[in-house]
Amino acid sequence: MQPFTERVVAIIKSIPAGQVASYGQIAELAGSRRGARQVVRILHSMSMKYDLPWHRVVNSKGEIAVADEEARDTQVYRLEQEGVYVDHLNRVDLEACRFIPSHDIVDPPSL
DNA sequence: AAATTGACGGGTG
DNA sequence: CCACCCGCCAATT
């Protein structure tokens, strides 16, 4: 497995229940700012087999973007189970639920 | 080796 | 807020 893929998998696994990340955010955290589509590819091909919380990944608008209708329903259901509100257009509130990686601190507190 | 695929994203009007 | 366009990137065809 390619290092990028491994990082993506690790990052997705690190998203806590109740939080969501966008494809682009994951790509960026994995070191490829323009790699959103690779993240898509990776999920597309390995989400089921690798026991990933793929349902915590949405697009940059907060929309559930899964093509397959059944999988989409599953995603909505799982998010709601975790307390993430999904509106009637299958959108989550990214402002409220966005995944915030706990360690890598970008701007240290300015005391 | 070129074209296609894929659950994308940001800029613009 | 919405629609549209174009750049993005690698596995697969």
Side-chain angles (χ1 to χ4, degrees):
Chain A
M1 195 186 309
Q2 305 306 322
F4 177 71
T5 302
E6 294 191 16
R7 289 196 299 273
V8 167
V9 167
I11 290 164
I12 293 175
K13 283 188 174 179
S14 78
I15 305 171
Q19 290 185 29
V20 297
S22 71
Y23 303 91
Q25 182 186 0
I26 290 166
E28 188 162 5
L29 290 172
S32 173
R33 196 166 69 90
R34 311 252 174 310
R37 313 198 71 150
Q38 283 76 272
V39 175
V40 169
R41 277 193 69 63
I42 291 164
L43 284 170
H44 208 36
S45 56
M46 10 207 304
S47 51
M48 298 311 169
K49 334 180 183 179
Y50 285 79
D51 188 38
L52 299 180
W54 56 271
H55 58 282
R56 307 201 181 116
V57 186
V58 299
N59 69 22
S60 64
K61 303 173 215 159
E63 296 168 330
I64 285 165
V66 175
D68 180 67
E69 198 170 338
E70 201 169 306
R72 200 162 53 233
D73 289 344
T74 303
Q75 183 166 9
V76 172
Y77 178 75
R78 291 192 184 173
L79 286 173
E80 287 176 339
Q81 288 302 301
E82 298 181 357
V84 176
Y85 174 70
V86 180
D87 75 13
H88 72 114
L89 291 177
N90 282 355
R91 290 176 318 188
V92 305
D93 183 354
L94 270 184
E95 296 288 299
C97 307
R98 181 188 296 295
F99 169 49
I100 298 166
S102 33
H103 31 89
D104 83 340
I105 302 313
V106 228
D107 42 286
S110 48
L111 351 156

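Reminder, nothing fancy here: chain letters follow the sequence lines and each chain counts from 1.
- Although no hydrogens or angles enter the test, the distance criterion places no donor-acceptor pair under 3.5 Å between the side chain of Ser32(A) and the main chain of Glu28(A).
- When the C1' atom of dG6(B) is taken as reference, atom OH of Tyr23(A) falls 10 Å away, rounded to whole Å.
- Among the heavy atoms of the strands, none lies under 4.0 Å from Gln75(A).
- Using a 4.0 Å heavy-atom cutoff across all strands shown, Gly35(A) reaches no nucleic acid atom at all.
- Computed from coordinates, the Arg41(A) CZ to dA7(B) P distance equals 10 Å when rounded to whole Å.
- Note on Val66(A): a base of the nucleic acid sits closer than 4.0 angstrom, heavy atoms only.
- Chain A approaches DNA chain C within less than 4.0 angstrom (heavy atoms of the protein), and the contacting nucleotides run 5' to 3' from dG7(C) to dT12(C).
- Considering only heavy atoms from C-beta on, Asn90(A) stays 4.5 Å or farther from Glu63(A) through its side chain.
- Using modelled atom types and a 3.5 Å distance limit, the side chains of Arg56(A) and Gln75(A) yield no donor-acceptor pair.
- Both Gly24(A) and Gln38(A) lie near DNA chain B, and the one whose nearest nucleotide falls closer to the 5' end is Gln38(A).
- Using modelled atom types, one side-chain atom of Gln19(A) and one backbone atom of Ile100(A) make a donor-acceptor pair closer than 3.5 Å.
- The separation between Ile26(A) atom CD1 and dC8(B) atom P is 12 Å, rounded to whole Å.
- Judged by distance alone, with hydrogens and angles left aside, Arg37(A) brings a side-chain donor or acceptor within reach of the base of dG6(B), the pair sitting under 3.5 Å.
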**OP:** Test side-chain contact (heavy atoms from CB on, under 4.5 Å) on Ile42(A) and Phe4(A) and set out the steps.
**Re:** CA-CA 10 Å; Ile42(A) 291 164; Phe4(A) 177 71; 4.1 Å; yes
**OP:** Apply side-chain contact (heavy atoms from CB on, under 4.5 Å) to the pair Asn59(A) and Ser22(A), showing each step before the final yes or no.
**Re:** CA-CA 5 Å; Asn59(A) 69 22; Ser22(A) 71; 6.0 Å; no
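- Across all strands shown, Ser22(A) has heavy atoms under 4.0 Å from sugar-phosphate atoms exclusively, and none from any base.
- At whole-Å resolution of the value, CD in Gln25(A) and C1' in dG10(B) are 16 Å apart.
- Protein atom CH2 of Trp54(A) is 17 Å distant from nucleotide atom P of dG6(B), rounded to whole Å.
- Atom C1' of nucleotide dC8(B) and atom CG of Leu43(A) are separated by 12 Å, given to the nearest angstrom.
- Counting to the nearest Å, the P atom of dG9(B) and the NZ atom of Lys61(A) are 8 Å from each other.
- The two atoms that bring Ile11(A) and Ile26(A) nearest to each other are CD1-O, 4.0 Å, heavy atoms only.
- Per the geometry, CD1 belonging to Ile64(A) stands 12 Å off P belonging to dC8(B), to the nearest Å.
- Nucleotides dA11(C) and dA1(B), compared at atom C1', are 15 Å apart to the nearest Å.
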